[in-house]
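Following: one structure in structure tokens, then a few remarks.
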Amino acid sequence: MTQSILKGSSKSFDRKDWSSAYQNVPEELTNSKLKIIKGSVPSTLKGTFYRNGPGQLERNGQWVHHPFDGDGMISSMKFVNGEVLFSNRFVQTKEFKEEVNAGKFLYRGVFGTQKKGGAITNAFDLRLKNIANTNVLKLGNKLLALWEASNPYSLDLKTLETHGESNLDGILKNKEPFSAHPRFDPGHFGSKRIVTFGVKTGPKSTIRLMEFSNEGDNSGVLLSDRKDTFNGFSFLHDFAITPNWSIFIQNAIDFNPLPYLMGRKGAAQCLSSKNNSKGKFLLIPRESGKYAKESPREIDAPEGFVFHHLNAWEDKEELILESIFYNDFPSIKPNENFKEIDFNNYPEGILKSCKINLYSSKVELKTLSNQCCEFATVNPLYQGLPATHSWMASTENKTGNAPLQSIKKLNLKTGEECFWSCAPRGFVSEPLMIPEESLVEDQGWVLTIIWNGKKQLSELIILNAENLKHQATLELPLAIPHGLHGSWVEE
Ligand code: CO
């Protein structure tokens, strides 16, 4: 270990190690048995760990402007009898196939990727490329690759073969937005559900809230469906649920579409936080809860920009929402190279809780941890309920922005923390918590895929959820770029 990469120093990572994960995935594998490098796979883990994220970032020498513009690739890791079988497939979207055939980018990306030829080629080309790269969800008998601005793509649960764009058997209109952030209701109304939404935005925004059964023969059946319209532009990436409410933060942002129309910026590069102005909590009653059929409520939210929430819960007349706040909307400017960004110039994600009084509309804001984090989760059985424990990806250092190199467990009541770190040369992704049957809140396993900068490949890491003790490292036969979201499907 050299001086410059000492743990805990201001340089706990080498940016080249971090950016070296951004490569095109060279091949598709089927049921490749993963090599166990260290430890053992718990025999109680039975199911499939699905992940989504960009798998193709460059065509004909041109790189995407932002990794979020990369074409989706699904990985599946099937846990059977202490072994793990790995498969991966690119989501064969219509646009992906066209670009493969052409050998170049034919579409602009939301986060700034432009077609070659400058503004003249890009101006007024407002076609959206469905990149299906954000999350992967089992809904009924379908495996869906999700991208929030359009219909999901349906894949084969076992082979990951792409069936095609899905309107969920007629539930969605053609190209209707369908969020990449479903929430799993563990049984607030007697059986498991998947709650999700779609948002159509403009000067007014309409949120469609949908609840699907996630249990037994009814799995995948639409149970409730409501639409509510709010004033103002909305960028709603995620939301949270409690037994009675679904909770959104309508961030205070401006959208100036001119540079997008003129072919100079991607649509998301035209978003910026409105100075000194507050967002809103949009509280939409759940159709099976005690406020069903009531109108939504709007309450002023603190300043800041939120992509992701940890959890939400109810305490008499109060709602508590735990979210990761940024000072501004982070976007990569047209002249910047995403692989060379200076992390110090980007806002860090800080976990905060908002206690919202439903009657007085008073909001109390509290910082839960000052350390930069992302991808926070509770035990899935505590979704919508007061949880004590949370797990998240965090930076190595206690302050400032940097790549995510640690998995952190945070006790939300006492502030007690514990860590597993792969710094200085390793980089973590979203952790998933898989509870054990014991029903003790923090008993189970944490799964995450890391990028090993030294070996130049990806690894599957299994940690003990209670104390983050290392359980196993499995080597992936592929280099997978830093990914987005995933899910666990019980056997
Ligand atoms: Co997300």
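Start at 1 with the first residue, then count along the sequence. In listed order, ligands and their atoms are each counted from 1.
When the N, O or S atoms of His308 are ranked by distance to the Co ion (ligand 1), NE2 comes first. As for His485, its N/O/S atom nearest the Co ion (ligand 1) is the one called NE2. The N, O or S atom of His181 lying closest to the Co ion (ligand 1) is NE2.
In terms of modelled atom types and a separation under 3.5 Å, the side chain of Asn370 and the main chain of Lys398 share no donor-acceptor contact.
Between Tyr326 and Phe305, the gap from one ring centroid to the other reaches at least 6.0 Å. Close placement of the Phe375 and His485 rings is indicated, their centers lying within 6.0 Å of each other.
Aromatic ring pairs are classed by plane angle as parallel below 30°, tilted from 30° to 60° and perpendicular above 60°; the pair Phe239 and Phe248 is parallel.
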